[in-house]
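Given the structure is predicted, the values throughout are model-derived calculations rather than measurements. By convention here, the first residue in the shown sequence is residue 1.
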Amino acid sequence: MVRPAIISRVPNETFDLAGPAGRLEALLMHPETAPVAAAVVCHAHPLHGGMMHFKVVFRAAKALQQHGAAVLRFNFRGVGRSEGVHDDGRGEQDDARAAVAEMERRFPGLPVVLGGFSFGSVMALRVGQADPRARALFALGFPLASVSDVSFLNGGGRPCLFVQGEQDAFGPGERMRELVATLPAPVSIQVVPGADHFFGGHLEEMQAAVSAWAATHPWEAST
């Protein structure tokens, strides 16, 4: 009798990592095969209910995982079990750097992918554009209306994906297209028709956009 092959599935791993303001609650999603990249996904604004279990954050992480990335989600300081208090985007950038350092420690030599949703997308791009460890970047629901200076987006030199709801109140699709057109290559944007800031009713399209981007292994394109 031939026994069916057993596919080993590595479960999600929850743990605390050392952040600059204390413990950061984290969850690591392992791919089913040897990882080809190490990704970090940052969540939305902590003072508006943002946390690592947000559907947009989970869906993006799942898309990356399905294309071979090990993906870390974490709670910014003051959220969930993470220690510290909200720091208006300053200390949160340090939290993101700590998450990247954790992934670099766990997966030495693998290219790092850094991205996020809403407030988290700003934190990810501010950190990633200045960090040579980040080989590819992505932003979901970039809150353009709340960002007074976008000059940090001009770092260039690495692939960057924007996924935006056409009717996003914080960054309408057309305005985001205009912004992305001014940024140095390689950069791309996918505007989801009819979607709002939270991609309500359009999570599948958002996830598909991230998945299509991840399928090209953009982290291999930059040096």
Side-chain angles (χ1 to χ4, degrees), residues 6-46 49-84 91-121 123-128 131-140 158-159 161 163 203 206-207 210-211 213-215 217-220:
I6 297 176
I7 299 175
S8 176
R9 296 177 182 269
V10 179
N12 292 342
E13 180 183 355
T14 58
F15 60 93
D16 296 331
L17 63 90
R23 174 185 67 231
L24 290 176
E25 182 182 10
L27 188 155
L28 178 60
M29 299 166 62
H30 294 273
E32 293 186 358
T33 58
V36 297
V40 174
V41 186
C42 302
H43 67 72
H45 204 294
M51 61 187 303
M52 67 177 176
H53 298 299
F54 248 41
K55 290 180 180 179
V56 174
V57 175
F58 169 75
R59 291 284 194 124
K62 194 67 178 175
L64 293 164
Q65 180 195 38
Q66 289 172 340
H67 290 285
V71 189
L72 180 74
R73 292 180 282 146
F74 71 97
N75 278 332
F76 282 120
R77 59 185 62 197
V79 177
R81 295 183 56 254
S82 292
E83 297 177 327
E92 285 77 11
Q93 292 178 58
D94 291 333
D95 294 344
R97 293 185 185 98
V100 169
E102 178 70 16
M103 291 300 276
E104 186 178 46
R105 182 186 70 80
R106 287 175 174 253
F107 304 98
L110 288 187
V112 172
V113 182
L114 182 58
F117 168 52
S118 192
F119 170 87
S121 73
M123 298 300 98
L125 295 193
R126 284 191 181 279
V127 170
D131 192 332
R133 296 175 297 183
R135 298 284 296 279
L137 307 169
F138 66 94
L140 312 172
R158 69 205 78 189
L161 170 71
V163 183
L203 287 169
M206 181 279 299
Q207 183 175 347
V210 178
S211 181
W213 180 74
H217 287 196
W219 47 82
E220 297 176 355

Taking only residues two or more places apart in sequence or in another chain, which ones pass side chain to side chain contact (heavy atoms under 4.5 Å, CB included) with Ser211? Ala63, His67
Residue set satisfying salt bridge (Lys or Arg N to Asp or Glu O under 4.0 Å) with Glu25, at least two apart, ordered chain then number -> none
Please round to the nearest 0.5 Å and tell me the distance separating atom CG of Asn75 and atom CE of Met52. 4.5 Å
Residue list, side-chain hydrogen bond (donor to acceptor under 3.5 Å, both in side chains) with His217, at least two apart or on another chain: Glu220
Write down the atom of Phe119, the atom of Ala44, and the distance for their closest heavy-atom approach. CB-C, 3.9 Å
Between CD of Glu104 and CZ of Arg97, what distance do you get to the nearest 0.5 Å? 14.0 Å
Can you tell me how far apart CG (Leu28) and CD (Gln65) are? Round to the nearest 0.5 Å. 9.0 Å
Within residues 50-71 or reaching into it, pairs that qualify as salt bridge (Lys or Arg N to Asp or Glu O under 4.0 Å) - sequence neighbours excluded: Arg59-Glu204
What's the spacing between Leu17 CG and Met103 CE if we round to 0.5 Å? 10.5 Å
Between the side chains of Arg81 and Asp16, is the shortest nitrogen-to-carboxylate-oxygen separation below 4.0 Å, so that they form an ion pair? yes
Checking His43 side chain against Phe76 main chain: does a donor-acceptor pair fall under 3.5 Å? yes
Compare every heavy atom of Ala124 with every heavy atom of Leu114, then report the nearest pair and how far apart it is. CD2-O, 3.4 Å
Partner set under side chain to side chain contact (heavy atoms under 4.5 Å, CB included) for Arg126, not counting sequence neighbours: Gln93, Val122, Val147, Phe152
Going by side chain to side chain contact (heavy atoms under 4.5 Å, CB included), name the residues that satisfy it together with Ala37, two or more places apart in sequence or in a different chain. Ala69, Pro111, Val113, Trp219
Tell me whether Arg158 contacts the main-chain N or O of Ala134 through its side chain, where contact means a donor paired with an acceptor under 3.5 Å. yes
Nearest 0.5 angstrom please: Leu137 CG to Arg135 CZ, how far? 11.5 Å
In sequence, state the C-alpha distance, the side-chain angles, and the governing distance for Leu203 and Val56, and then conclude on side-chain contact (heavy atoms from CB on, under 4.5 Å). CA-CA 7 Å; Leu203 287 169; Val56 174; 3.8 Å; yes
Verdict with reasoning, Val210 to Leu140, per side-chain contact (heavy atoms from CB on, under 4.5 Å): CA-CA 9 Å; Val210 178; Leu140 312 172; 3.8 Å; yes
Nearest-0.5 Å distance, CD of residue Gln66 to CD of residue Gln207: 6.0 Å
Check against side-chain contact (heavy atoms from CB on, under 4.5 Å), Phe74 and Asp95: CA-CA 9 Å; Phe74 71 97; Asp95 294 344; 4.0 Å; yes
Check against side-chain contact (heavy atoms from CB on, under 4.5 Å), Leu64 and Phe138: CA-CA 11 Å; Leu64 293 164; Phe138 66 94; 3.8 Å; yes
What pair of heavy atoms forms the shortest contact from Leu24 to Ala98, and how long is it? CD1-CB, 4.4 Å
State, to 0.1 Å, how close Trp213 and Pro159 come at their nearest heavy-atom pair, and which atoms those are. CZ2-O, 4.3 Å
Using every non-hydrogen atom in the two residues, find where Val57 and Cys42 come nearest and quote the distance to one decimal. CG2-O, 4.1 Å
Measure the shortest side-chain to side-chain distance between Phe15 and Glu102 over non-hydrogen atoms and say whether it is less than 4.5 angstrom. yes
Any side-chain heavy-atom pair of Leu110 and Pro35 under 4.5 Å: yes
